[in-house]
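Shown next, in structure tokens, is the structure this report addresses.
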Amino acid sequence: MKQTVLITGATGGIGYELAEVFAENNNNLVLIARNQTRLLEIKQLFEKKYKIKVFILGKDLSEKDAAVEIYQTIKQQKITVNVLVNNAGFGDFGEFHKTDWQKQYEMVQVNIIALMQLTRLFVPEMISLNHGKIMNVASTAAFPPGPWMSVYYASKAFVLSFSESIAQELKHTEVAVTVLCPGPTETGFVEKADLNDSKLFKSNNIADAKSVAVYGYKKLNKKVIIAIPGLGNKITAWGQRFVPRSLVRKIMYKKQAPIR
Ligand SMILES: NC(=O)c1ccc[n+]([C@@H]2O[C@H](COP(=O)([O-])OP(=O)(O)OC[C@H]3O[C@@H](n4cnc5c(N)ncnc54)[C@H](OP(=O)(O)O)[C@@H]3O)[C@@H](O)[C@H]2O)c1
């Protein structure tokens with residue numbers, strides 16, 4: 001029997017590629033994002049191409065009750081979610097004291113609160129059914145502090161810590177948790193985070209979203225808890241444990257600074 005995978009942020013970038021990888025592997029999908037026109041296009045494409053069922057739900061995850069409304073709709077539809085992929089997220093570039101407050105607030109709602117609440121709502125049924133998987137999309141930004149993108153880095157540090165903690169709590173159950181930590185990846189992220197001026201996306205090898213999604217899918221199936229695609233990203237993420245934190249802060253400040 002087909003499993004059902006719920007993916008947030010499925011209209012573009014890594015989320016879209018994850019949706020296609022799960023579709024190729026014969027899973028039904030529940031896809032969530034704000035852009036309903038794009039969701040409908042993806043539904044029609046995937047249902048025809050992969051002979052699966054795709055349920056779409058237009059939701060703004062920055063709204064306070066979004067996760068509860070999603071859960072209620074899924075229950076009304078009598079859909080059982082076997083895999084939950086909390087992928088939706090965005091960043092913002094600039095010094096914190098100059099940032100737009102509303103954007104930082106919405107980032108916390110989407111990157112942290114919606115992810116946390118969807119997990120809280122869907123995990124109990126997975127435990128009672130004796131199987132389930134969660135993939136939370138963090139970032140290599142989860143490991144160091146991130147001057148010039150302080151709220152984004154802090155939000156991803158939350159996702160990493162939270163995911164590792166619940167993975168350990170759920171060890172005695174059949175529910176597995178993977179936290180995917182991509183490095184810079186070619187998606188709509190740079191544009192939306194006003195990152196065009198940062199050195200970060202100029203100085204690194206940029207991964208393609210498809211390979212990140214395929215990597216995440218494989219690691220989720222192997223029940224790997226922390227999944228970092230790419231050797232360079234692994235070295236950067238783990239290597240900083242051996243560098244004084246004061247130096248990491250300074251390096252990150254320089255690495256992410258505006259080009260001019
Ligand atoms: N790209 C990178 O370099 C990179 C690196 C590490 C981690 N990540 C993480 O990977 C995840 C996916 O990002 P991406 O790079 O694929 O970015 P993307 O191309 O901008 O895609 C983001 C997705 O999230 C959805 N989304 C954004 N805000 C939303 C909201 N308020 N409510 C509902 N959906 C929302 C967008 O859909 P709508 O606009 O239709 O709502 C879109 O489908 C994020 O968590 C990001 O932090 C990205």
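Atom set for the values below is all heavy atoms of this structure, side chains included, hydrogens, waters and symmetry mates excluded. Each ligand, and each atom within it, is numbered from 1 in the order the structure gives.
Atoms of ligand 1 lying under 4.0 Å from at least one heavy atom of Asn35, given by number and element, are 40 (O). Numbered from 1 in the order shown, with element, the atoms of ligand 1 that lie under 4.0 Å from a heavy atom of Asp60 read 30 (C), 31 (N), 32 (N). The atoms of ligand 1 that sit less than 4.0 Å from any heavy atom of Ala10 are 43 (O). Less than 4.0 angstrom separates some heavy atom of Pro182 from each of these atoms of ligand 1: 5 (C), 6 (C), 7 (C).
A distance-only check finds no donor-acceptor pair linking the side chain of Trp148 to the backbone of Pro258 [under 3.5 Å].
A distance below 6.0 Å separates the ring centres of Phe46 and Tyr16.
By the 30° and 60° cut-offs, the orientation of the rings of Phe189 relative to Tyr152 is tilted. The aromatic rings of Tyr105 and Trp101 lie tilted to each other, with the angle between the two planes from 30° to 60°.
Contacts of Ala138 with ligand 1, taken as heavy-atom pairs under 4.0 Å, involve the backbone alone. If you look at Tyr152 next to ligand 1, the close heavy atoms, those under 4.0 Å, all belong to the side chain. With a 4.0 Å cut-off on non-hydrogen atoms, Glu106 does not touch ligand 1 at all. Of all the heavy atoms of Thr11, the ones lying under 4.0 Å from any atom of ligand 1 are found in both the backbone and the side chain. Neither the backbone nor the side chain of Gln109 comes within contact range of ligand 1; no heavy atom lies under 4.0 Å.
Residue Gly9 has at least one nitrogen or oxygen atom sitting less than 3.5 Å from a nitrogen or oxygen atom of ligand 1, judged on distance alone. For Ile32, no nitrogen or oxygen atom sits less than 3.5 Å from a nitrogen or oxygen atom of ligand 1, counting backbone and side chain alike. Between Ile14 and ligand 1, at least one N/O pair is under 3.5 Å apart. In terms of polar-atom proximity, Thr187 is counted as a contact of ligand 1, with an N or O under 3.5 Å from an N or O of the ligand. Checked by distance only, ligand 1 and Phe90 stay at 3.5 Å or farther apart across all their nitrogen or oxygen atoms.
Nearest to atom 4 (C) of ligand 1 among the protein's heavy atoms is Gly183 O, 4.2 Å. Regarding atom 45 (O) of ligand 1, its nearest protein heavy-atom neighbour is Asn87 O, 2.7 Å. The protein heavy-atom contact nearest to atom 27 (C) of ligand 1 is Arg34 NH2, 3.5 Å.
Within 6.0 Å of atom CD in Gln168, 12 or fewer heavy atoms from other residues, nucleotides or ligands are found, so the atom counts as exposed in its surroundings.
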